[in-house]
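Note: hydrogens, waters and symmetry copies are ignored here, and every other heavy atom, side chains too, is used.
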Amino acid sequence: MTATAVAVAEREVLVWWARAGDARPALLVLLDAVERARHEATVRPADKARFLVGCALSRIALGELLGVPPADVPLRRVCPRCGGPHGKVRLAVPEGSPYADVDFSVTHSGEVVGVAVCRGAAVGLDVEDGGVALDVDAAARAALGDGELRALYAGPPAGRRTAFLRTWTRKEAVLKALGVGLHAPLRELELSPPDAAPAVLGWPERLGRRPGTSLTDLTVAGTHAAAVAVLSGGGVRVTVQADPVRLPPSV
């Protein structure tokens, strides 16, 4: 399969959505050795499908940007904590490459799989299935700061689950853009109320200097809350790709 190069402007985010049900054996040839090993090691069929679609979708989206076949997209996984082959995936291009400023983020929840690509700034994408069983009170106590808890419980009980997921997707999108994961002090990263424009209000000292952050709320399939975070001081444009994702039936 050949790819056609697409243009992404600086501080523009392109978002692609797919479904775990799009997983099929033909996509395996797009994966590198590390990805295939992780795919084989994944036990649950649903997790296996989400991982496969996430890898394939990332490679197809990035292959279109670089103008190379998806299987040839150079990627690296290096955990900042242990140095292992996991953590946030990044393009492995040499310094000075025209694509050295490209960042991307992969997410999945339930049947939805997503990839966001950005030039000129770090990006994080998160999605959460609104239909999954969730103990909102327990999750809120673990993840939200005092101001966020007050905002959550100020709203009607019937909307509390939706409100929590909106705050949570914003928060996790920021952490994914930073590449620090859930080991960060969640309660110290304070965000605006779920019914207000998304913004970072409080920053954990342990995360270092606070970057300019742009947040955008999204909704997928009418049931999944999602958010995009871009570590940039300037304006950001987020475009959800309306065309069907190009996951080939055969390769």
Check [X] against [Y] and note the closest heavy-atom contact, atom names and distance.
X      : Y      : result
Val220 : Ala226 : CG2-CB, 4.1 Å
Ser214 : Ser232 : OG-O, 3.8 Å
Ala20  : Ala49  : O-CB, 3.7 Å
Asp103 : Ala121 : CB-O, 3.6 Å
Val93  : Ala100 : CG2-CA, 3.7 Å
Ala138 : Asp135 : N-OD1, 3.1 Å

Going from [atom1] on [X] to [atom2] on [Y], what distance comes out if it is rounded to the nearest 0.5 angstrom?
X      : Y      : atom1 : atom2 : value
Leu91  : Leu66  : CG    : CG    : 6.0 Å
Leu186 : Leu144 : CG    : CG    : 9.0 Å
Cys55  : Leu31  : SG    : CG    : 4.5 Å
Arg237 : Glu12  : CZ    : CD    : 4.0 Å
Glu172 : Ser105 : CD    : OG    : 9.0 Å
Trp17  : Leu57  : CH2   : CG    : 9.5 Å

**Prompt:** Step by step, would you call Val240 with Leu218 a side chain to side chain contact (heavy atoms under 4.5 Å, CB included)?
**Reply:** CA-CA 9 Å; Val240 177; Leu218 300 172; 4.1 Å; yes
Do [X] and [Y] make a side-chain contact, defined as non-hydrogen atoms from C-beta onward lying under 4.5 Å apart?
X      : Y      : value
Val53  : Arg19  : no
Val123 : Leu125 : no
His39  : Leu28  : yes
Leu165 : Thr167 : no
Leu152 : Arg160 : yes
Ile60  : Trp16  : no
Phe104 : Cys118 : no
Val89  : Arg76  : no

**Asked** Could you walk me through whether Leu65 and Val117 pass the side chain to side chain contact (heavy atoms under 4.5 Å, CB included) check?
**Response** CA-CA 9 Å; Leu65 174 62; Val117 177; 4.1 Å; yes
**Item:** Pairwise side-chain hydrogen bond (donor to acceptor under 3.5 Å, both in side chains) hits with a residue in residues 217-230, at least two apart
**Value:** Arg166-Thr219, Arg170-Asp217
**Asked** Can you list every pair that meets side-chain hydrogen bond (donor to acceptor under 3.5 Å, both in side chains) and has a residue in residues 138-157, with sequence neighbours left out?
**Response** Asp137-Tyr153, Asp146-Arg187, Glu148-Lys171
Under 3.5 Å donor-acceptor, [X] side chain and [Y] backbone:
X      : Y      : answer
Lys176 : Ala229 : no
Trp203 : Gly208 : yes
Glu128 : Ser109 : no
Thr42  : Arg38  : yes

**Request:** For the pair Leu207 and Leu178, evaluate side chain to side chain contact (heavy atoms under 4.5 Å, CB included) and give the outcome as yes or no after the intermediate values.
**Result:** CA-CA 9 Å; Leu207 295 183; Leu178 289 166; 3.9 Å; yes
**Item:** Basic-acidic side-chain contact under 4.0 Å: Arg50, Asp47
**Value:** yes
**Asked** Is Leu27 reachable from Val29 through a run of I, L, V, M, F, W or Y residues, each pair having side-chain heavy atoms under 4.5 Å apart?
**Response**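 As far as the 4.5 Å side-chain criterion goes, Leu27 and Val29 are connected within one cluster.
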**Request:** Please report the C-alpha distance between Asp32 and Arg59 in whole Å, then the side-chain angles of each, then the deciding distance to 0.1 Å, and finally whether the side chain to side chain contact (heavy atoms under 4.5 Å, CB included) criterion is met.
**Result:** CA-CA 10 Å; Asp32 63 21; Arg59 289 184 165 278; 3.2 Å; yes
**Passing option when Thr213 is tested against Val230, Val174, Val236 for side chain to side chain contact (heavy atoms under 4.5 Å, CB included)** =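 The side chain to side chain contact (heavy atoms under 4.5 Å, CB included) with Thr213 is passed solely by Val174 among Val230, Val174, Val236.
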**Message:** Please identify which of these residues, Asp126, Thr169, Val228, meets the side chain to side chain contact (heavy atoms under 4.5 Å, CB included) condition with Thr107.
**Reply:**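 The side chain to side chain contact (heavy atoms under 4.5 Å, CB included) with Thr107 is passed solely by Asp126 among Asp126, Thr169, Val228.
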**Request:** Tell me, please, which residues at least two apart from Ala139 pass side-chain contact (heavy atoms from CB on, under 4.5 Å).
**Result:**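 Ala139: side-chain contact (heavy atoms from CB on, under 4.5 Å) contacts with Leu134, Phe164.
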